[in-house]
Amino acid sequence: MLDRRRFLRALVALGAARAVPLRAQASFPFSLGVASGYPTPSGVVLWTRLTGLLAPVAVAVRWEIAQDEAMRQVVASGSTEASPEWAHSVHVEANGLEPARRYFYRFTAAGAQSPIGRTRTAPAAGSDPGRLKFAFASCQHYEQGYYGAWRHVVADEPDLVAFLGDYIYESSWGRDHVRKHDAGEPYTLEDYRARYALYKSDPDLQAAHAACPWIVTWDDHEVDNDYADDRPEDGMDRESFLLRRAAAYRAYYEHMPLPERMRPQGPDMRIYTRLDWGALARFHVLDDRQYRSWHACPRPGRRGGSNTVDIEECVRLSNPNRTILGRAQERWLENSLAESRAGWNVLAQQTPMAQFDQKPGPGRRAWTDGWDGYPAARKRLLDFLAERRIANPVAIGGDVHSFNVNELKLDFDDSASPVVASELVGTSITSQAWPQVRLDQYRADNPHMLLVDSRFRGYTRVEVTPTLMRVDLRAMETVQRREAACGTLASFVVEDGTPGPKRA
Ligand SMILES: [Fe+2]
């Protein structure tokens, strides 16, 4: 016993138990790239994940942040270790940086150096940075296209990217595949890790992560289509599904530039948070999957999952106790909004918020997976925005793989009801959408939807100043080729103090 303890102590002293040099290994350990996220005025999260490792041992990783791209003027550095329990991922919370500054960073491990990433810190609290340029995007089915849209995001040089869900897809579907998932649907931690590694092997996605800091939220496909809290759409029992959710959340943490406070515990992972860009903008980053009430009126024969229902027939839909954020997050959001001193309040979330009537003529049909499935929760939020006169609320979202530009109203059925906020729904990076003709038949029933266009894949580019938000809907010519062109389909503005988008 003593001998064994002494032996272990000796190993630790040598550093052998904690860090093993892997020069012997042939493959490049930074094959998944680098990323940064969640900038504050004094710091930022740096991420990488080492690959190609055979031994299940911790690996020493050195990180450096510099003022220059050549990495000569290093202003912060340190060492950490990548542990096999977390798939050799690295999450460094670098601190002591200057506000509103561009920085460069890299990692060294296993005798190799990572690519150099660019990042930046947020402006000082309460300061006016004059301008914020950000991009938001969602839904990047790997099989359905190349990630050429990310090339155009990189060319725009945004200060920040917000990714709003469906970073991976668990299943194979759609037409015109340009490449294939290398495995079936993931259930275990190993399965999800492999799926993230496949998606993150894409060079255009890596370049976008290396270009600027990201903030992220998830939607359903990071776990399973149409899940709601602990309920999957299929018949999997609760206990098994929570094990699956725990695996999926853990793999998500391992592959995103998330702060330590978001590290998951079993099936629970708090990713909702806020981020301030000086006095100009506050991002309220929401999670409308983990805490939501189960879907109302699922399809016949199913216990969960979305449906499109006649609102007269699905009585449960309008139950005032139904929640999409969960009570705790709802309270948190109200506080975050009420305390905000920002000129713009951006609700960064995953699913469409505006009412979308899918029954031409009298009556209304609603899809239950977005906020239309939780009308009481939506009304609570919109009432709060109006009553508390929250400054310039703008919801950004994804999920439906089409551009939607909407007025958010207290009563969508009343043309005289005031517009209280703006909504920008971005199209998908690659994921396929309903045909435009299907959407067009609903246009007359939804006059608060100023634009509904499912024809293009792409992203949304936003520029915020104290007086104006300018929005460019960026549309790819095709996702069948990496180097395809990208154009601006339409531009909108939101003016300070006037809720609702207007065509630019
Ligand atoms: Fe999606």
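Sequential numbering from 1 along the given sequence is applied to the chain's residues. Atoms within each ligand, like the ligands themselves, are counted from 1 in listed order. Computation of the quantities below employed the complete heavy-atom set of this structure, encompassing side-chain atoms and omitting hydrogens, waters and symmetry-equivalent molecules.
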Inset, instruction - Examine the side chains of N345 and H284 and answer whether a donor and an acceptor come within less than 3.5 Å of each other. - result: yes
Inset, instruction - Would you check if there is a donor-acceptor pair between the side chains of R195 and Y142 at a distance under 3.5 Å? - result: no
Inset, instruction - Assign the ring pair H181 / Y199 to parallel, tilted or perpendicular, where the plane angle (0 to 90°) is split at 30° and 60°. - result: tilted
Inset, instruction - Could you please tell me which protein N, O or S atoms lie under 2.8 Å from the Fe ion (ligand 1)? - result: C139 SG, D166 OD2, Y169 OH, H401 NE2
Legend entry - Set of disulfide bond (SG atoms under 2.5 Å apart) partners for C314, sequence neighbours left out: C297
Inset, instruction - Could you list all the salt bridge (Lys or Arg N to Asp or Glu O under 4.0 Å) pairs where at least one residue sits in residues 201-214, not counting sequence neighbours? - result: R151-D204, R179-D202, D202-R482, D204-R482
Inset, instruction - With sequence neighbours left out, write down each residue that passes side-chain hydrogen bond (donor to acceptor under 3.5 Å, both in side chains) with E254, or none if nothing qualifies. - result: R193
